[in-house]
There are 2 protein chains.
Amino acid sequence: MGAERWSSGGQPPQQSGLDVTMEFKNQPTVTLAEVAEAAGVGESTVSRVLRNHGSFSGKTRERVMAAVERLGYVPNRIAGTLASTGSRLVAFVIPSLSNIVFPDVLRGASAVLEENRYQAVFSVTDYDPGKEEALAAAMLAWRPAAVMLAGCEHTEGTVKMLRASGCRVVELLDLDGDALDIAVGFSNRAAGRESAAFLLKRGYRRIGYVGHDLNRDTRAGKRFSSFCETLGAHDAPLVAREILAGASSVENGRLGLERLLARTTDLDAVYFSNDDMALGGYFHCLAQGIAVPSKLAIFGYNGLDIGRATPQPLSTIRTPRVATGEIAAQLVVTNAPPQSVDLGFELVEGATA
Amino acid sequence: MGAERWSSGGQPPQQSGLDVTMEFKNQPTVTLAEVAEAAGVGESTVSRVLRNHGSFSGKTRERVMAAVERLGYVPNRIAGTLASTGSRLVAFVIPSLSNIVFPDVLRGASAVLEENRYQAVFSVTDYDPGKEEALAAAMLAWRPAAVMLAGCEHTEGTVKMLRASGCRVVELLDLDGDALDIAVGFSNRAAGRESAAFLLKRGYRRIGYVGHDLNRDTRAGKRFSSFCETLGAHDAPLVAREILAGASSVENGRLGLERLLARTTDLDAVYFSNDDMALGGYFHCLAQGIAVPSKLAIFGYNGLDIGRATPQPLSTIRTPRVATGEIAAQLVVTNAPPQSVDLGFELVEGATA
DNA sequence: GGTTTTTTTGGCAGCGCTACCAATTTGCTG
DNA sequence: CAGCAAATTGGTAGCGCTGCCAAAAAAACC
């Protein structure tokens, strides 16, 4: 991997001469009441103009806006939320930010939320159900309009808390289970099943698996078990598996395949827990001169963009990650009734299997 | 790329039988006052116990906690924030969630913030300075403890607003400019310079560039201009460049290199705006049988993990993305004085240049 | 036992805004 | 121009919590 060296990065650390923060620390912020006074109108009038809600004359509107401009007034949403019923916060409790899946979901959701003047807040559970419970509790303290969680497996405490909270609950990316309120995503079991069916259809019979920690990532676990069941049902049970302890990564995929092949010589296809892992496996084959797919087929999961640009496009299942976020957000802002939305997924044949 | 087909994903859409949400919609939430009554103590006592702040007897503590448990009380942070001075919200205004850089920064920051019971909120500007201004304004309405922004180029309006807000401002990932308050990152100019120096040192003289839209991503622009200056200063000016309109992506990198090579036949090295693009270029070479680095060297930027697992590890500059988030968050929670922190970067020699 | 300290408590005034209602002004109709 | 409806306004009571202060209780002291 070559030597490495550290760079100081050019400019020396610098002290900003402008200590704006300290100076203004307890700067009295402009309040709505001050705007009202400056504009010569009542507080409620200012409130109405600013929210464009209720009626007021054009003249009043101008005066208020002028005062707002002049004083540099920034409304206080904390106060506004407290005074009104229901906030415009949407809380995301996600397992990870390393797994591109979740940034993708956030991206889709955030676009829709921003359009509707909602605000996204998030925290990261690191795939730990206990932490999920604690963070969900912390989130509820902000009285969000909705809480979005990954999957449909949660601790009893989490479920109880969410139920009692009265806010919308959206479970994302997994439809294999009972939804608390709204669920948006697809069936991971179906994904595992179709992956297996595809490999079988292509004639592969000696199939292996390389995955990451399945106890934590229950959705990957579901795919894997359905995958195995389907293979079994077609008299081609899984030949070997290699489970790596850490999180999914390209390097783990590469390492996992290397180990698997060291133990098992006659595999004709390998299913990976996701595209990161699969790319690692593919790179291993490229590096070792293992012909893909003639000597060994590779199949992933997620449908990352990068899989389309590799020398051979990766065979995988493309999941609607951004759409999941978008739809979820849409349902929340429209206060849709409880429902499960199946967005399906797309099997990408690619060229590695 | 093979045919594709859509799957319904197994289970049919289902309606949840438990309409928890509707039922509890206007469910009177438990307030601190109710807890106080149930515990037979005053409101302020409950408040003190819950925040573990001020003094109270062990007996009181138990009674309060029992009441909290019994009633399922969840404190209202909105009210708490309004009543107290200073919130524990930290607002992120980031250009994108597709570019892994920002999820990485969020990841580092979020870990530190969670430990300190701060809450992260974010919104995405899509690299649009105008949108940045609007979103920053929206963020300030939540009266966050700090606003974190990418880079140090902002509209006049944004700067004015942030200055007036009195909250901490952290500028991330770029030290080439004047910091408003706190800045954490490294010098992009230095990164461009060192990339050029490295290629020159290796003996490459006919160097090209493949990049994405530089007007939007000013940090990539800075790297590029310093890169060119350095080449020029060593009598090996940039030979050719290919700028793609869209966002950076592996596919654009591949396409960009293809176009560049179609125009310019005698290049010996190509610098890419980042690793995504560089990987695309690398894949193009693999697919076309162009020997790397003997026939063409490839150099990226970011130091993504995937670049370490490719058949030949990618030559690149590894940036401290997670650390940037961590340090930034640390400085905010400790209310550190204004400062710029240079985290540097690491040149990874790899095997593609 | 009577003080003086110290610890523990409760009351209550806001934080800045919105929702509701009543008061005022304006616009129309006949 | 009276007479009534509609459009605008302002006043004010909270939203649920924290921070301050004074009161009460407990502990320490002589």
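- Enclosure of atom CZ in Arg61(B) is not indicated, since only 12 or fewer non-hydrogen atoms of other residues, nucleotides or ligands lie within 6.0 angstrom.
- By the 4.0 Å N-to-carboxylate-O rule, Asp181(B) lies close enough to Arg168(B) to be salt-bridged with it.
- Every residue meeting the side-chain contact (heavy atoms from CB on, under 4.5 Å) condition with Val68(B), not counting sequence neighbours, appears here in chain and number order: Val35(B), Leu50(B), Val64(B), Tyr73(B).
- Atom CG in Leu32(B) sits about 13 Å away from atom P in dG11(C), given to the nearest Å.
- Within 6.0 Å of the CZ atom in Arg216(B), the count of heavy atoms belonging to other residues, nucleotides or ligands exceeds 12.
- Not one side-chain nitrogen or oxygen of Thr45(B) sits closer than 4.0 Å to the OP1 or OP2 atom of dT9(C).
- Between the side chain of Glu132(B) and the backbone N or O of His154(B) there is no donor-acceptor pair closer than 3.5 Å.
- In this structure, Gly40(B) reaches the sugar-phosphate backbone alone: every heavy-atom distance under 4.0 Å involves primed, P, OP1 or OP2 atoms, never a base.
- Of the residues in residues 57-77 of chain A, Ser57(A), Thr60(A) come within less than 4.0 Å of DNA chain D through at least one heavy atom, sorted by number.
- A donor-acceptor contact shorter than 3.5 Å is absent between the side chain of Asp126(A) and the backbone of Asp128(A).
- Atom CG of Leu82(B) and atom P of dG14(C) are 14 Å apart (whole Å).
- Side chain of Arg143(A) to main chain of Leu140(A): a donor-acceptor pair is present (N/O by atom type, distance under 3.5 Å, no hydrogens or angles).
- Comparing Phe56(B) and Arg143(B) by the nucleotide of DNA chain C that holds the closest heavy atom to each, the one mapping nearer the 5' end is Phe56(B).
- Atom CD of Glu43(A) and atom C1' of dC15(C) are 13 Å apart (whole Å).
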Determine, stepwise, if the pair Trp142(B) / Ser87(B) fulfils side chain to side chain contact (heavy atoms under 4.5 Å, CB included).
CA-CA 9 Å; Trp142(B) 290 102; Ser87(B) 80; over 6 Å; no
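- Within the 4.0 Å cut-off from OP1 or OP2 of dT8(C), at least one side-chain nitrogen or oxygen of Ser55(B) is found.
- Ser44(B) has no side-chain polar atom (N or O) that falls below the 4.0 Å cut-off from OP1 or OP2 of dG10(C).
- Counting non-hydrogen atoms of neighbouring residues, nucleotides and ligands closer than 6.0 angstrom, the CD atom of Glu153(A) exceeds 12 such neighbours.
- Each of Val41(A) and Ala83(A) was assigned the nucleotide of DNA chain D with the nearest heavy atom; the assignment lying further toward the 5' end belongs to Val41(A).
- Side-chain proximity of Arg48(B) to dC12(C), dT9(C), dT18(C): nearest is dT9(C).
- Interface limits on DNA chain D: the 5'-most and 3'-most nucleotides within less than 4.0 Å of chain B heavy atoms are dG16(D) to dG19(D).
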